[in-house]
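In what follows, every heavy atom counts, from backbone to side chain, and hydrogens, waters and symmetry copies are set aside. Computed from a predicted model, the values in this text were never measured in an experiment. Residue numbers begin at 1 in each chain, while the letters A, B, ... track the order of the sequences.
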Amino acid sequence: MVAEYTGLAAGGPSLAERVVAWQRQHGRHALPWQQTRDPYRVWLSEIMLQQTQVSTVLGYYERFLERFPDVAALAAAPIDDVLALWAGLGYYSRARNLHRCAQAVVADHGGAFPHNAQTLATLPGIGRSTAAAIAAFCFDERVAILDGNVKRVLTRALGFGDDLAVARHEKQLWALAEGLLPDSEGMVAYTQGLMDLGATLCSQRSPRCNACPLGGECVAKQQGRPEDYPVKTRKLKRSRRQLVLLWLARGDFIWLVRRPTTGIWAGLWSLPEFDSVEALEDAVAGWPGSTQALPTFTHVLTHLDLSLEPVRHQLADGANANANADAELGSRWPEGQWVAYRDLARHGLPAPIAKLLGRSDELFAAQEFVDQGEPL
DNA sequence: GATCCGTGGCA
DNA sequence: TTGCCAAGGAT
């Protein structure tokens with residue numbers, strides 16, 4: 001059931017007019033990706049910002065542009081270079097799709113991004129909302145976005161109380177969003193303004209309705225319960241998974257393997273993973289050197305609590321032993337390689353793995369206490 | 001349609 | 001401690 005946005009019935013400024021005027025005066029204008037209408041830069045920002053907050057993206061965006069200044073440079077780069085710059089941002093399929101998209105733009109579109117949302121949405125990693133954002137920002141196309149911010153703003157303004165977990169209802173909201181669009185001249189400010197409203201005033205928990213340009217026209221504010229929107233039933237049951245990891249070191253080098261192309265951290269470099277501590281111990285039993293269990297720690301994902309159990313094995317020196325070890329390692333992990341600690345940043349590592357390896361001094365210190373029989 | 005895919009911040 | 005989720009998309 002949709003209560004009507006009352007500004008329309010009252011003959012006052014339309015929702016779009018209010019949002020456009022507010023954005024131009026009070027919205028955000030200094031974000032790095034707002035200084036341009038270059039589709040490459042806008043596209044990069046939109047992909048990085050998917051399910052990711054602005055403050056997190058800022059540093060990644062600048063580093064990425066410095067290394068890949070245009071779509072041709074990105075398309076020509078090795079995927080490992082892309083993943084290395086994406087490491088820590090999460091949702092790594094975005095990085096792989098980003099790379100594939102750049103290559104498609106070069107190969108299929110003459111090196112230029114398509115100028116309309118419909119064609120943009122055919123490219124890897126660009127869905128309906130992202131395509132619309134690029135088309136609106138770069139080409140003034142009259143097309144609606146519907147991300148988390150806009151869902152919140154529109155459901156509140158319209159009093160749209162139907163469950164967005166139901167596809168039919170979300171489709172209805174898309175249609176409503178399209179019906180609210182201003183003329184093309186206002187598309188940039190309108191699109192940006194909806195997101196600015198959702199990110200600043202119209203927040204999830206404590207919306208600042210007093211400062212909102214929609215004022216008393218907002219149905220949710222009239223009802224006095226803006227926090228009740230949007231309605232979205234969720235059954236997020238978090239599961240647990242155990243990761244037994246082998247930190248295999250030899251001198252200043254560490255053995256890294258490429259993770260499978262599917263599943264968590266797909267395609268990134270990480271430590272060899274085992275099904276159990278026993279399986280890991282069986283594998284290293286015949287290798288020269290010393291084995292130490294490191295402290296277990298938890299890494300929390302949206303749907304998953306990961307329990308990471310790292311075991312460190314320091315391979316002893318010795319030409320014969322090293323040759324045998326390398327042969328077995330190469331056989332067991334064909335895509336593995338010895339990486340110098342100083343070169344770790346050149347590899348895309350999952351955040352908890354980078355954190356683990358970066359805390360080596362701390363962990364080794366803790367381990368020494370264990371060796372001496374002292375409590376941690 | 002339901003599930004999967006990261007990380008960090010916040011209450 | 002736990003839940004929630006942010007400029008979503010692919011399968």
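Distance, A/Trp265 CH2 to B/dC4 P: 16 Å, rounded to whole Å. In this structure, CG of A/Leu98 is placed 15 Å from C1' of C/dA10, rounded to the nearest angstrom. Between the P atom of C/dG8 and the CG atom of A/Leu164 lies a distance of 14 Å, rounded to the nearest Å. Rounded to an integer number of Å, the gap from CG of A/Leu308 to C1' of B/dT7 is 14 Å. In this structure, CG of A/Leu304 is placed 7 Å from P of B/dC5, rounded to the nearest angstrom. The CZ atom of A/Arg238 sits 9 Å away from the P atom of C/dT2 (whole-angstrom rounding). As a whole-Å value, the separation of A/Arg259 CZ from B/dC5 C1' is 12 Å. Spacing between atom CG of A/Leu349 and atom P of B/dT7 amounts to 11 Å, rounded to whole angstrom units.
The phosphate of C/dA6 (OP1 or OP2) has no side-chain N or O of A/Tyr91 nearer than 4.0 angstrom. For B/dC5, neither phosphate oxygen OP1 nor OP2 lies less than 4.0 angstrom from any side-chain nitrogen or oxygen of A/Trp86. The phosphate of C/dA6 has neither OP1 nor OP2 within less than 4.0 Å of any side-chain N or O from A/Thr56. Taking 4.0 angstrom as the limit, A/Gln204 places a side-chain polar atom (N or O) nearer than this to OP1 or OP2 of C/dC5. Between A/Arg152 and C/dA7 there is a side-chain N or O to OP1 or OP2 distance below 4.0 Å. Applying the 4.0 Å criterion to OP1 and OP2 of B/dT7, one finds that A/His299 has a side-chain N or O inside that range.
A/Trp265 has its ring centre no less than 6.0 Å from the ring centre of A/Tyr92. Aromatic rings of A/Tyr61 and A/Trp33 (six-membered ring for Trp) have centroids within the 6.0 Å cut-off, being under it.
Set against B/dT7, B/dC5, C/dA6, the side chain of A/Gln53 has C/dA6 as its closest nucleotide. Closest approach to the A/Asn97 side chain among C/dA7, C/dA10, B/dG6 is made by C/dA10 (side chain taken as heavy atoms from C-beta onward). When each of B/dT7, C/dG3, C/dA7 is scored by its nearest atom to the side-chain atoms of A/Arg28, the top-ranked nucleotide is C/dA7. The side chain of A/Gln51 approaches C/dG8 more closely than any other nucleotide in the set C/dG8, B/dT7, C/dA7. Side-chain atoms of A/Asn149 lie closest to C/dA6 of the nucleotides C/dG3, C/dA6, B/dC5.
Annotation: of the two residues near DNA chain B, A/Ile264 and A/Arg168, the 5′-most nearest-nucleotide partner is A/Arg168. Nucleotides of DNA chain B nearest to A/Thr262 and A/Ala165 differ in position, and the one nearer the 5' end is that of A/Ala165. Nearest-nucleotide assignment on DNA chain C puts the 5′-proximal partner with A/Thr302, out of A/Ala131 and A/Thr302.
Rounded to whole Å, the C1' atom of B/dC4 lies 16 Å from the corresponding atom of C/dC5. Taking atom C1' in both C/dA6 and B/dG1, one finds a spacing of 23 Å when rounded to whole Å. Taking atom P in both C/dT1 and B/dG6, one finds a spacing of 25 Å when rounded to whole Å. Atom P of B/dC10 sits at a distance of 14 Å from the matching atom of C/dA7, rounded to the whole Å. Straight-line distance between the C1' atoms of C/dT11 and B/dT7: roughly 22 Å, to the nearest whole Å.
Salt bridge status for A/Asp80 with A/Arg258: present, with a side-chain N to carboxylate O gap under 4.0 Å.
A cation-pi arrangement is absent between A/Arg250 and A/Trp255, since the terminal nitrogen or guanidinium carbon is not both under 6.0 Å from the aromatic centre and inside a 45° cone about the axis. For the pair A/Arg128 and A/Trp174, the cation sits on the ring face: its NZ or CZ lies under 6.0 Å from the ring centre, inside 45° of the axis.
Base contact: A/Val54 has a heavy atom under 4.0 Å from a base atom. Residue A/Gly263 is classed as a sugar-phosphate contact, given heavy-atom separations below 4.0 Å to backbone atoms only. Residue A/Ala133 is classed as having no contact, given no heavy-atom separation below 4.0 Å to the nucleic acid. Looking at heavy-atom distances under 4.0 Å, A/Arg205 makes contact with a base. If you check every strand for non-hydrogen atoms under 4.0 Å, A/Ile126 touches sugar and phosphate atoms only. At the heavy-atom level, A/Val166 lies nowhere under 4.0 Å from the strands shown.
Residues A/Ile264 and A/Arg241 share a closest heavy-atom pair of CG2-NH1, 4.0 Å. Taking all atoms of both residues into account, the shortest heavy-atom contact from A/Tyr40 to A/Phe68 is OH-O, 2.7 Å.
Here A/Thr52 contributes atom OG1 and A/Leu89 contributes atom CG; the two are 6.0 Å apart, rounded to the nearest 0.5 Å.
Contact annotation: side chain of A/Thr52 to base of B/dG6, donor-acceptor pair present below 3.5 Å.
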Exercise. Are A/Asp163 and A/Lys232 close enough, and set up right, to give a salt bridge (charged side-chain N to carboxylate O under 4.0 Å, His left out), and what steps lead you there?
Worked result: CA-CA 5 Å; A/Asp163 183 3; A/Lys232 193 164 38 177; over 6 Å; no
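Near DNA chain C, defined here as any heavy-atom distance below 4.0 Å, the residues from residues 31-44 of chain A are A/Leu31, A/Trp33, listed numerically.
The backbone N or O of A/Leu308 sits nowhere less than 3.5 Å from a side-chain atom of A/Gln242 that would complete a donor-acceptor pair.
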